[in-house]
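Every heavy atom of this structure was used, including side-chain atoms; hydrogens, water molecules and symmetry mates were not. None of the values given here were measured: they were computed from a predicted structure.
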Amino acid sequence: MKKILEVDDLHISFDTFAGKVQAIRGVSFDLYKGETLAIVGESGSGKSVTTRTIMRLLANNGHIDQGKILFKGEDLVHKTEREMQKIRGKEIAMIFQDPMTSLDPTMNIGNQVAESLRKHKKVSKKEALASALELLKLVGIPNAEQRLKNYPHQFSGGQRQRIVIAIALICYPEILIADEPTTALDVTIQAQIIELMKEIQQKIQTSIIFITHDLGVVANVADRVAVMYGGRIIEVGTSDEIFYHPQHPYTWGLLSSMPTLEMEENELYAIPGSPPDLLDPPKGDAFYPRNEYALKIDTLEAPPFFEVSPTHQAATWLLAPHAPKVTPPKEIVRRWRLYEQKTGLKQTALN
Amino acid sequence: MKNFLKYLLKRIFFMLITLWLIATVTFFLMKFLPGSPYVNQEKLSPEQIAILNKQAGLDRPVIEQYGIYLKNIVQGDFGTSFQFKNQPVAKLLVDRIGPSVQLGVQAIILGTLMGILLGVIAAMRQNTWVDTVATLVAILGRSIPNFVFAVLLQLLFAIKWQVLPIAKWDQGFISTILPTVALAMSPLADSARFIRTEMVEVLGSDYIELARAKGLSYWQVAFKHGLRNSLIPLITLLGPLAVSLMTGSLVVENIFAIPGIGEQFVKSILTNDYPTIMAVTLLFSTMLVVVILIVDILYGLVDPRIRVSGGSET
């Protein structure tokens, strides 16, 4: 598959009154044409910052300290603001989290959807509005013709998110960044929006980076999943590999804390402790203080990526050649067994 | 559109009630004021005063005077001035209001436009020297009285560089430049301050980020999405400010020798010129209620969420 975006060893920090916050500490990932990559992590893990950086829409106090973002062979890190304006909205577009606040309340939706097209392509206002209408139909706004002149407050939350999606899609971008697009919606609408995104991806063959903290949503949309913790990616693999063959104790924690129908106990698991302080990040593995499987080396040195399969890597010392064998939580063992049945692969740790 | 007309008629009805209340309150307040129109003119004998009072109907019971007054204004008759050589008040006001309204309108347009520009620039260059300069201008404009600016402008443009007339009201637009600028300082300062504060908040909102993600430049975002959303508090402020400017400023009118209405109003109060006081009060009140109506309609134009009963949900 064709690689469309390559993020390499990205370091981002923010100047604050308290000091320098190292929000991203060496993030690398690839995005292939037509795939959906989910970036999962808790608040403050750096998932939104990473994607804002790809758009080069960091707040003024944020700096890219190091790293490359290669889009079609060109490094976005060194693009000027003017060059970025030609890429934003046209080649890389973004869907935002809260549809209630992400539309301009004083502009009618026809103009809001058409705006991006008018900026990037030489089209007349009439043509742009015609395209906007087409797209609003595509995303499922009923009576779109009559509603072009309506304002955001005349739409429901789910409809507004459809409009936000239409705005992002109007130039048929190669990459669509969806920053928790379903978080602010109720569950039935969530499912509709996700279905819509999958449908549209089929139609226009765009690549999607899907940011979320909701693993249930991820299972539904993602081809591949990257799990972030403390400003780093700690595990990346295909959806199946992350959900049924996870290796990092943090991923174990995330999956165990997700309610499933098969769960026997009534009790829901919660990862103890709180996220690391990125003003002064720990020297070793950032997850070490909350990790019940932590090894001594975790306090001293951050683990490198160990390859589990050609598509699956995890940054945990548990995968080192001489690491002690541990038994993961019950829920994870259950998932591993399902994976064994599915693939016929034997899990050494379960012997 | 039908809804809008209905709304408009309703508003006009309430405006008339408001004006009637104002006229009533002013009428009775005036009667409680000490002194009478002819007392200051010391040369008059008590008999002469009695004759004059009778002529003007001031010897009748107050309630009857009120009735006659209301009847007259409904018929468009504002009476004759006691002071200005028995001229009809209506004519007096028509002659005087022109220059004041012209200056007021010019000042509010100049001040607001410059203020908005200054405020937007300050917000876009937040916490830089540009912002500091804009804030300084706003503070100066707000705290220095406009007659100080007036004198300063005369000194520079009329005396030192001699490019503009100093205090003559006979050269058309040229004569209005200096007083307009002097009067514009306070709306300029106010709108700059309001727009800056509001803009800073709006620029941090999600729809601004979305507009940026569309590939719009920073300034395009500011003017297409930021400004309109920042205008609402300014409109609230502008209504009353516009009226106070259009009704004339006594001091500025004096400095530039402008035959405006501000001077007229003050004189009529000092001389207990009842018909003029009443007419001027009613005129100012009418301007205020009309401006408030315009402001309410403007809100709807700027922000579709508060469109007056006209906007229908589909």
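Within a 6.0 Å radius of NZ in A:Lys86, other residues, nucleotides and ligands contribute 12 heavy atoms or fewer. Counting non-hydrogen atoms of other residues, nucleotides and ligands closer than 6.0 Å to CD1 of B:Ile174 gives a total of 12 or fewer. By the neighbour-count criterion of 12 heavy atoms within 6.0 Å, atom NZ of A:Lys198 is densely surrounded, having more than that number from other residues, nucleotides or ligands. For NZ of A:Lys79, the number of neighbouring non-hydrogen atoms (other residues, nucleotides, ligands) closer than 6.0 Å is greater than 12. Other residues, nucleotides and ligands contribute over 12 non-hydrogen atoms within 6.0 Å of the CE atom of B:Met124. More than 12 heavy atoms of other shown residues, nucleotides or ligands fall within 6.0 angstrom of atom CH2 in B:Trp219. Residue B:Glu201 places its CD atom among 12 or fewer non-hydrogen atoms of other residues, nucleotides or ligands, all under 6.0 Å distant.
Note that CG of A:Asn60 is 10.0 Å distant from CG of B:Asn127, once rounded to the nearest 0.5 Å. In this structure, A:Asp104 CG and B:Ile208 CD1 are separated by 7.0 Å, a value rounded to the nearest 0.5 Å. Taking OG1 from A:Thr101 and CG from B:Leu210, the interatomic distance works out to 9.5 Å, rounded to the nearest 0.5 Å.
Within the 4.5 angstrom heavy-atom criterion, no atom of A:Arg82 approaches chain B. Proximity to chain A is limited to the backbone of B:Val302, based on heavy atoms less than 4.5 angstrom apart. For a residue to count as touching a neighbouring chain, one of its non-hydrogen atoms must lie under 4.5 Å from one of that chain's; by this rule B:Ser217 touches chain A with backbone and side chain alike. Contact annotation for A:Ile177: neither backbone nor side-chain heavy atoms come within less than 4.5 Å of a heavy atom of chain B. When heavy atoms are compared at a cutoff of 4.5 Å, A:Glu81 approaches chain B solely by way of its side chain, counted from C-beta outward.
The only option from A:Arg88, A:Lys90, A:His120, A:Gln112 that meets the side-chain contact (heavy atoms from CB on, under 4.5 Å) definition with B:Lys214 turns out to be A:Gln112.
Looking only at heavy-atom pairs under 4.5 Å with chain A, the residue among B:Leu216, B:Val202, B:Asp303 that has the most is B:Leu216. Among B:Lys224, B:Arg228, B:Glu209, the residue with the largest count of heavy-atom pairs under 4.5 Å with chain A is B:Glu209. The most heavy-atom pairs under 4.5 Å with chain B, out of A:Asp98, A:Ile167, A:Asn108, A:Ile170, come from A:Ile167. With chain B as the partner, the residue from A:Met84, A:Met107, A:Met94 showing the most heavy-atom pairs under 4.5 Å is A:Met107.
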Criterion side chain to side chain contact (heavy atoms under 4.5 Å, CB included) on B:Gln220 and A:Glu115, from CA distance to verdict: CA-CA 11 Å; B:Gln220 278 173 324; A:Glu115 192 173 26; over 6 Å; no
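Checking side-chain atoms of B:Arg305 against main-chain N and O of A:Pro105 turns up no donor-acceptor pair under 3.5 Å.
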